[in-house]
Colleague: 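Shown below is the structure under consideration.
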Amino acid sequence: MAFSVVSLIFGIHFGNNSYVKGEQILSFVTMTLFVFGLIVWRPIPTFFATAITFGVFYLYIDHNLPATYGTQVNLFTLWLGTFVVALSSYRRHVSEAEKDEHIVEANEKLRKIASFDELTGIPNMHSFNSAMSVLFEGVKDLDVHYSVMYMDLENFKSYNDKYGFREGDNLLRQIAEGLQEIFDGELVARFSDDHFVTLGMSETTEERARAASELVERLRGDVRLQLKVGVFEPDMQKRVDPAYACDKARIACNNIKRHPGVFLCRYDEDLDTLVRRRQHIINNVDTAVTKDWIKVYYQPVVRCADGSAELCGYEALARWDDPEFGFMPPFAFVETLEEFREIDKLDRCIIEQVCRDLRAELEAGGNPVPVSLNFSRLDFELYDVSSFLQEMSQKYGIPSELLDVEITESALTQHVSELRRNMEALREENFSLWLDDFGSGYSSLNVLKDFQFNVLKIDMAFLRGFENNDKARPILRSIVELARELDMVTLCEGVETREQFEFLSSIGCDRAQGYLFGKPGPTKEIPIS
């Protein structure tokens, strides 16, 4: 108001000076437009203020130099114009204010109807996604970087088992409260169960993730809880779907669930390639089978007990030669196919290719050695293994003695009755049954007691660090002696050095397999002696 008064006095004074000299009263006009046009006045105060201002100016100039009729008309017109400009400015500001008020009211309504998690009191995913969309839209043209963090309380079930569900719920409430403090001023929500999501500035991601991990460490009690955190940083210059961003962070988190001691993983190009490859494998397993992308690679098995390293068999191993992802070893696709229960398609393809290759050898007048085939535990759930093997051996005229069946130890823990039926049927057809990966699980001795196998395949883990681990030798010697007592043939895999082979030979291990004799290849190579 003081500034307005000073401006008007300035305009009146210099406007009068110009008028007395016969010049234009632009300074007065400018000041009145400035005060009443740019500064917002309500209509009634504007009317009186402009009337008084123009009245004072008229009396001032009329006192010094009597105003003509034209001057009076001009002043009245100027007053009217100034008053209209002031009213227009006021109406524009009122309209903007009303719009802002409507926005505030709408936001308030959204806040009131926003969904909050009933247990923890923090927002749930509906309100989190809505808030994230608004935020991303508001900053998409700014040079800022946000990260979505997906948090999983690994082993939370054990906490519920020990302390009960009530204490488990209380722990979730404490963690939710702690996360709100750690991510003060940023978005925090409960995703589901023992999973939380947050959205914050990227530069503080690791610092806050570590603080969240320490929070869980303080609250976990006697249970071994660990917070796993997946991080995804979306491209802020593109339209970001909140559900998509959360899903990418969740994938990063799941990627380290089986890695003790690792608590944070970022979704990067390598992980993106892994995810795309997994999806490609599931989508194209049928195509891979029909278009011969699945290849059989053979690794030789040699005699060991007599020290001759003479060829006595091969193991059939799967490889996937993909036009998009190139040549893929088993670890790139077997676990994925098992997870999605599609592993039977791969294994049946391998079985038929092996039978076809054996048929070709027989027709060429060769004397082929047996080939061992690997079976997943899911194979015995997804199809009748014994019937399929019989079907393939009859179709290609392959004696059952040339096909060995490898069953992993882990397969013997589920659907035992169905597995026993298949094993008995295979045994009746003279297929040799092998126990694969012996020693890699926790039920090995029970397996030897409850199931009958022809060959015991010792896991390569026993040969890791063989030269520096004094315990490996007596353990291997005991396993070989035990197998001999049970009338089983022993085969040790993972043999890489001559020293290992000579030791296995000295303790009477019947067969050996490993890079010392040859790596898996597309043809049946003669082992290196």
Side-chain angles (χ1 to χ4, degrees), residues 285-286 288-290 292-303 311-320 330 334 337 342-408 411-412 415 417-437 451-457 488-489 491 510-511 513 520-525:
V285 61
D286 293 320
V289 170
T290 57
D292 295 327
W293 296 351
I294 305 298
K295 311 291 184 183
V296 177
Y297 271 50
Y298 295 95
Q299 185 172 26
V301 177
V302 302
R303 301 188 189 281
L311 177 70
C312 62
Y314 288 98
E315 179 181 8
L317 301 168
R319 299 293 187 268
W320 185 322
V334 169
L337 292 175
E342 300 276 0
I343 190 66
D344 61 303
K345 297 177 180 178
L346 171 75
D347 291 342
R348 283 189 283 185
C349 175
I350 293 297
I351 293 170
E352 184 157 12
Q353 285 191 46
V354 168
C355 290
R356 209 161 42 226
D357 289 347
L358 287 171
R359 180 72 260 159
E361 284 187 70
L362 290 170
E363 291 179 352
N367 186 25
V369 295
V371 178
S372 64
L373 304 163
N374 290 282
F375 289 86
S376 165
R377 66 175 179 81
L378 291 174
D379 282 320
F380 296 95
E381 300 176 28
L382 298 173
Y383 69 102
D384 192 325
V385 171
S386 59
S387 296
F388 185 75
L389 267 176
Q390 292 174 41
E391 177 188 343
M392 290 296 104
S393 62
Q394 292 171 7
K395 177 180 178 180
Y396 292 95
I398 306 301
S400 56
E401 292 79 7
L402 291 180
L403 297 173
D404 299 328
V405 178
E406 292 194 32
I407 303 174
T408 58
L412 305 172
H415 305 283
S417 59
E418 181 65 19
L419 183 60
R420 285 185 186 278
R421 185 193 68 78
N422 272 275
M423 291 177 64
E424 187 60 34
L426 290 167
R427 193 175 289 108
E428 290 177 0
E429 294 295 325
N430 295 320
F431 290 102
S432 179
L433 301 181
W434 294 20
L435 176 59
D436 193 16
D437 295 337
F451 295 88
Q452 181 180 347
F453 288 93
N454 303 99
V455 176
L456 180 68
K457 195 169 184 180
M488 297 173 67
V489 173
L491 188 161
D510 298 293
R511 304 176 189 175
Q513 178 184 357
T523 58
K524 294 180 178 180
E525 300 292 341

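We use all heavy atoms of the structure for the numbers below, so side chains are in, but hydrogens, waters and symmetry mates are not.
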Colleague: Taking all heavy atoms of Gln390 and all of Ala425, pick out the closest pair and write down the distance.
Modeller: NE2-O, 4.3 Å
Colleague: Can you measure from NZ (Lys457) to OG1 (Thr408) and round to the nearest 0.5 angstrom?
Modeller: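 Here the interatomic distance stands at 11.0 Å.
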Colleague: Do Asp357 and Tyr298 get their side chains close enough for a donor-acceptor pair, meaning under 3.5 Å?
Modeller: yes
Colleague: Contact between Glu315 and Asp404 at the side-chain level, heavy atoms closer than 4.5 Å - yes or no?
Modeller: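 Not in contact.
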Colleague: If you round to the nearest 0.5 Å, how far is OH of Tyr314 from CG of Leu373?
Modeller: 15.0 Å
Colleague: Please report the interatomic distance CG(Leu426) to OG(Ser387), rounded to the nearest 0.5 Å.
Modeller: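 Nearest 0.5 Å value for the CG-OG distance: 9.0 Å.
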Colleague: For a quick test of reading the model, state the closest non-hydrogen atom pair linking Leu433 to Met423 and the distance between them.
Modeller: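 Residues Leu433 and Met423, closest heavy atoms: CD1-O, 3.7 Å.
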Colleague: Is there a side-chain contact between Leu403 and Cys355 (heavy atoms, below 4.5 Å)?
Modeller: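 In short, these two side chains touch, coming nearer than 4.5 Å.
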Colleague: Are Met392 and Ile398 close enough that some pair of their side-chain heavy atoms sits under 4.5 Å apart?
Modeller: no
Colleague: So does Arg359 pair up with Glu363, basic N to acidic O under 4.0 Å?
Modeller: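 Counted as a salt bridge, because a side-chain N and a carboxylate O are separated by less than 4.0 Å.
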Colleague: Once you round to the nearest 0.5 Å, how far does CZ of Phe431 lie from CG of Asn454?
Modeller: 12.5 Å
Colleague: Write down the atom of Ser400, the atom of Asn430, and the distance for their closest heavy-atom approach.
Modeller: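 Looking at all heavy atoms of both residues, the shortest contact is OG-CB, 3.4 Å.
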Colleague: Start with the C-alpha gap between Arg348 and Glu352, add the side-chain angles, then the distance that decides, and say whether salt bridge (charged side-chain N to carboxylate O under 4.0 Å, His left out) holds.
Modeller: CA-CA 6 Å; Arg348 283 189 283 185; Glu352 184 157 12; over 6 Å; no
Colleague: Specify the closest pair of heavy atoms between Gln353 and Ile294, including all atoms of both residues, with the distance to one decimal.
Modeller: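 Residues Gln353 and Ile294, closest heavy atoms: NE2-O, 2.8 Å.
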Colleague: Going through the distances and angles, do Lys524 and Val371 end up as a side-chain contact (heavy atoms from CB on, under 4.5 Å)?
Modeller: CA-CA 10 Å; Lys524 294 180 178 180; Val371 178; 3.7 Å; yes
Colleague: State whether Glu424 and Arg420 are salt-bridged, where the test is any N-O pair (Lys NZ or Arg NE/NH1/NH2 against Asp/Glu carboxylate O) under 4.0 Å.
Modeller: no
Colleague: Go through it in stages, so that I can follow the logic: the residues are Asp344 and Leu378, the test is side-chain contact (heavy atoms from CB on, under 4.5 Å), and I'd like the CA-CA distance, side-chain angles, deciding distance and then a yes or no.
Modeller: CA-CA 7 Å; Asp344 61 303; Leu378 291 174; over 6 Å; no
Colleague: Do you know which two heavy atoms are closest between Ile350 and Val296, and how far apart they sit?
Modeller: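 Heavy atoms only, the tightest pair is CD1-CG2, 3.6 Å.
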Colleague: Taking all non-hydrogen atoms of both residues into account, name the closest pair between Pro330 and Ala318 and its distance.
Modeller: CG-O, 3.2 Å
Colleague: Applying ring pair (Phe, Tyr, Trp, His ring centres under 6.0 Å), name anything that partners Tyr396, two or more places apart in sequence or on another chain.
Modeller: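 Once residues adjacent in sequence are excluded, Tyr396 has no partner under the ring pair (Phe, Tyr, Trp, His ring centres under 6.0 Å) criterion.
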Colleague: Measure the shortest side-chain to side-chain distance between Gln513 and Pro300 over non-hydrogen atoms and say whether it is less than 4.5 angstrom.
Modeller: no
Colleague: What class does the angle between the rings of Phe380 and Phe375 fall in, given that below 30° is parallel, 30 to 60° is tilted and above 60° is perpendicular?
Modeller: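 The rings of Phe380 and Phe375 sit tilted, inter-plane angle from 30° to 60°.
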Colleague: How are the rings of Trp320 and Trp293 set to each other: parallel, tilted or perpendicular (split at 30° and 60°)?
Modeller: tilted
Colleague: Output the distance between atom CD1 (Ile351) and atom CG (Asn374), rounded to the nearest 0.5 Å.
Modeller: 10.0 Å
Colleague: Would you call Asp379 and Phe388 a side-chain contact if the rule is heavy atoms closer than 4.5 Å?
Modeller: no
Colleague: Does the side chain to side chain donor-acceptor pair (under 3.5 Å) test come out yes or no for Glu406 and Ser372, once each step is laid out?
Modeller: CA-CA 6 Å; Glu406 292 194 32; Ser372 64; 2.7 Å; yes
Colleague: Rounded to the nearest 0.5 Å, what separates atom CG in Asp347 from atom CD in Glu342?
Modeller: 12.0 Å
Colleague: In the structure I gave you, are the side-chain heavy atoms of Asp510 and Leu491 within less than 4.5 Å of one another anywhere?
Modeller: no
Colleague: Are any non-hydrogen side-chain atoms of Cys349 and Lys345 less than 4.5 angstrom apart?
Modeller: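 No. Closest side-chain heavy atoms not under 4.5 Å.
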Colleague: Any heavy-atom pair between the side chains of Glu429 and Leu389 that's under 4.5 Å?
Modeller: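 With C-beta onward as the side chain, the pair stays apart.
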